Amino acid sequence: MPHDITSRIEYSEKYQDDKHEYRHVILPKELAKTLSKNRLLTESEWRGIGVQQSRGWTHYAIHRPEPHILLFRRPLGTDPTTGKVNPEMERQAKEKYARDFGK
């Protein structure tokens, strides 16, 4: 993958609900045109096109009006080095969400 294209990949700030944290990744349109529009990408596929993020993220939805935006999520409490949910990190993340959003 040419470096000039991958250097133009943009990453949103993370945001969350009471179960997951989310982020979206905006691909250059010429890169997005090379991808299937009808299925989700596996981790090896999205890493293979130059998307770089910590472990545990899953491409979970296709936003049809903007197929160049990849939607990712992972469970709260995911250890970014292993991609596995750490029960203590999960409890702390859910408690923080409840405090911050009164849920």
Side-chain angles (χ1 to χ4, degrees):
M1 194 61 46
H3 175 70
D4 60 322
I5 289 179
T6 60
S7 68
R8 295 186 2 249
I9 296 173
E10 297 178 37
Y11 302 85
S12 75
E13 292 297 318
K14 291 184 277 188
Y15 52 100
Q16 69 182 52
D17 62 18
D18 62 332
K19 292 187 174 37
H20 293 93
E21 62 181 336
Y22 301 88
R23 91 165 352 144
H24 53 267
V25 175
I26 304 167
L27 302 176
K29 290 192 174 154
E30 64 269 28
L31 177 56
K33 286 179 185 174
T34 68
L35 303 176
S36 169
K37 310 236 181 321
N38 299 317
R39 66 177 187 80
L40 300 174
L41 300 178
T42 65
E43 182 174 352
S44 60
E45 288 173 324
W46 55 258
R47 287 193 188 280
I49 61 169
V51 174
Q52 297 179 4
Q53 50 190 355
S54 57
R55 304 257 174 237
W57 292 101
T58 303
H59 180 210
Y60 77 98
I62 297 170
H63 183 55
R64 298 217 185 272
E66 298 175 304
H68 64 290
I69 300 176
L70 304 181
L71 304 175
F72 288 91
R73 73 177 175 199
R74 67 180 173 189
L76 290 181
T78 299
D79 182 325
T81 59
T82 66
K84 306 269 187 255
V85 175
N86 174 309
E88 180 59 21
M89 288 172 65
E90 179 183 25
R91 184 187 64 73
Q92 291 174 2
K94 287 182 177 183
E95 286 177 359
K96 181 179 182 332
Y97 181 82
R99 278 194 311 276
D100 292 351
F101 299 100
K103 305 244 176 183

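Keep in mind that this is a model prediction, so the values were computed, not measured.
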Margin query: Show the nearest heavy-atom pair for residues G77 and A93, with the distance to one decimal.
Written below: N-CB, 4.2 Å
Next item on the list: Look at the side-chain heavy atoms of Ile, Leu, Val, Met, Phe, Trp and Tyr, link any pair under 4.5 Å apart, and say whether I62 and L35 land in one connected group.
Entry: no
Checklist line | Partner residues of R39 under the salt bridge (charged side-chain N to carboxylate O under 4.0 Å, His left out) criterion, sequence neighbours left out | finding: E45
Notebook entry, point to check: Measuring from L41:CG to F72:CZ, what's the distance to the nearest 0.5 Å?
Noted result: 7.0 Å
Note to self: Looking at every non-hydrogen atom in both residues, tell me the closest pair between H59 and L70 and how far apart they are.
What the structure shows: NE2-CD2, 3.8 Å
Note to self: Quick check: closest heavy atoms across D79 and M89, and the distance to 0.1 Å?
What the structure shows: CA-CE, 3.9 Å
Next item on the list: State which residues pass salt bridge (charged side-chain N to carboxylate O under 4.0 Å, His left out) with R47; sequence neighbours excluded, sorted by chain then number.
Entry: E43
Check: How close do I49 and L31 get, heavy atom to heavy atom, and via which atoms?
Finding: O-CD2, 3.8 Å
Notebook entry, point to check: Can you name the salt bridge (charged side-chain N to carboxylate O under 4.0 Å, His left out) partners of K19, sequence neighbours left out?
Noted result: none
Notebook entry, point to check: Would you call R91 and E88 a salt bridge, using N to O less than 4.0 angstrom?
Noted result: yes
Next item on the list: Taking the side chain as every heavy atom from C-beta outward, state whether V51 and L27 have any pair of such atoms under 4.5 Å apart.
Entry: yes
Check: Does the side chain of E30 reach to within under 4.5 Å of the side chain of R8, using non-hydrogen atoms?
Finding: yes
Item checked: Residues that R73 engages under side-chain contact (heavy atoms from CB on, under 4.5 Å), provided they are two or more places apart -> H20, Y22, Y60
Checklist line | Results of side-chain contact (heavy atoms from CB on, under 4.5 Å) for E13 - residues two or more places apart only | finding: none
Item checked: Hphob cluster co-occupancy, Y15 + W57, side-chain heavy atoms under 4.5 angstrom -> no
Margin query: What I'd like to find out is whether the side chain of P28 reaches to under 4.5 Å of the side chain of I9, using heavy atoms alone.
Written below: yes
Next item on the list: Mind checking side-chain contact (heavy atoms from CB on, under 4.5 Å) for I69 and listing every partner two or more places apart, or none if nothing turns up?
Entry: H24, I26, E66, L71
Next item on the list: Taking all non-hydrogen atoms of both residues into account, name the closest pair between G56 and T78 and its distance.
Entry: CA-CG2, 4.0 Å
Notebook entry, point to check: Of the non-hydrogen atoms in V25 and Y11, which two are nearest, and what is the gap between them?
Noted result: CG2-CD2, 3.7 Å
Margin query: Atom CD of residue position Q52 - does it have more than 12 heavy atoms of other residues, nucleotides or ligands inside 6.0 Å?
Written below: no
Notebook entry, point to check: With respect to R74, which candidate in Q16, R55, E21 satisfies the side-chain contact (heavy atoms from CB on, under 4.5 Å) definition?
Noted result: E21
